[in-house]
Amino acid sequence: MKKIPRHFRWFLILMFGLLIVDLATKYFFFDRQLASNIFFIQPMFNLGISWSMQVPGFVSICVGRISLLLFILIYHKKYISWWMAALLVAGTLGNMIDRIWLGGVRDFLTVGVWFPIFNIADVLLNVWILAYFRKEFFTWKNKLKG
């Protein structure tokens, strides 16, 4: 039997930890009375849950399968590191779980009228995008120098 690589264990720990944080915050903030007792979140708390655009279940499942195949390809070819993969999978699964079970994604954080409402999974996906572009930029820059 093959031994599981150490980085894969860290990937699973980080991914499941971030997924639990995302789902727990969505559950916590879904009950507005419970969340309104926290004084430091009050200015950023959306007084109602904002539901994302409704998408049929089969479309969500098809997109999920395509995303999983692309993720396996990206990770297998070593385009991204284990921690970047954990961000990507946790963010995607967090929103996909909401879409499949609730028919939409629960968004509850806002930083102003001019900025879209978002959740922890959205933050994870945006951090992944920034990290990936940063990695690609420096790889590209080093190839030009070399």
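Please read these numbers as outputs of a predicted model, since none were measured by experiment.
- Cluster membership for F137 and L130, using ILVMFWY side-chain heavy atoms within less than 4.5 angstrom, is not shared.
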Please table the atom pairs, donor to acceptor, closer than 3.5 Å between any side-chain atom in residues 80-89 and protein atoms at least two apart or in another chain.
residue : atom : partner : partner atom : Å
S81     : OG   : W83     : NE1          : 2.9

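- Separation of atoms CG (N95) and CG (L125) is listed at 6.5 Å; rounding is to 0.5 Å.
- Between atom OG1 of residue T25 and atom OH of residue Y27 there is a gap of 13.0 Å, rounded to the nearest 0.5 Å.
- Of the possible polar contacts, one joining the N126 side chain to the D122 backbone as a donor-acceptor pair under 3.5 Å is found.
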Let me check something: any side-chain donor-acceptor pairs from residues 12-23 under 3.5 Å, sequence neighbours excluded? List them with distances.
residue : atom : partner : partner atom : Å
D22     : OD1  : A121    : N            : 3.0
D22     : OD2  : K26     : NZ           : 3.1

